[in-house]
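Report on the structure given below.
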Amino acid sequence: MLSGIILKWVGAVANTVDKEVLAPHLPALVAPVHREVKNSTGPVCDMATEVMSFLRDRLGNETLSQALITADKTRSEKKRKRKRETALAAIANPESHAKKKVKVNLAKREKRKEKYKKLKAKQFKSH
């Protein structure tokens, strides 16, 4: 729901704002559209593809490609930074990190149990 609204907003901004004004902000605008094209399916993916093709027609392939490269670089840098901060926090406070790890693993275990129960129930219903 929210991603559809964001995609419509990006399309509207790209349609109304001049290319020169839009160019510096393009990586930030393209990032959610690109993420939805890569990771989603259904109507949201279709809308994201449509917005991406509109941006390509309006701004040109070269400008859009450069914005996508910049957006990917920014995303990977943020991911690397989060990973580094997590590792540093684990070194600085190992007890709290261990508690978090136990909590996450317990949640995974519970999720696996639920999945197994659903599969078991489904299997018995089909027989």
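With contacts defined as side-chain heavy-atom distances shorter than 4.5 Å, the pair Leu55/Leu29 does not qualify. Looking only at side-chain heavy atoms (C-beta outward), Lys81 and Glu85 come within less than 4.5 Å of each other. In this structure, the side chains of Arg80 and Glu77 come closer than 4.5 Å at one or more pairs of heavy atoms. Between Leu64 and Met52 there is a side-chain heavy-atom pair separated by less than 4.5 Å. Counting heavy atoms from C-beta on, the side chains of Lys117 and Lys120 never come closer than 4.5 Å. Contact annotation: the side chain of Trp9 never approaches that of Val51 to less than 4.5 Å [non-hydrogen atoms, C-beta and beyond]. Between Glu50 and Leu7 there is no side-chain heavy-atom pair separated by less than 4.5 Å.
Applying the side-chain hydrogen bond (donor to acceptor under 3.5 Å, both in side chains) rule to Arg56 yields the partners Asn61; only residues at least two apart in sequence or on another chain are considered.
When all heavy atoms are compared, the tightest approach of Thr49 to Val37 is N-CG2, 3.8 Å. Of all non-hydrogen atoms in Glu36 and Ala48, the two that sit nearest each other are CB-CB, 3.8 Å.
The environment of CD in Glu62 is sparse: at most 12 heavy-atom neighbours from other residues, nucleotides or ligands sit within 6.0 Å.
Between Lys113 and Glu110 there is a salt bridge, since at least one side-chain N of the basic residue sits less than 4.0 Å from a carboxylate O of the acidic one.
A donor-acceptor pair under 3.5 Å links the side-chain atoms of Lys19 to the main chain of Arg58, judged by distance alone.
Separating the CG atom in Asn93 from the CG atom in Leu88 is a distance of 12.5 Å, to the nearest 0.5 Å.
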Show every donor-acceptor pair shorter than 3.5 Å between a side-chain atom in residues 99-106 and any protein atom, with sequence neighbours excluded, or say none if there are none.
{"from": "Asn105", "atom 1": "ND2", "to": "Lys101", "atom 2": "O", "distance (Å)": "3.3"}

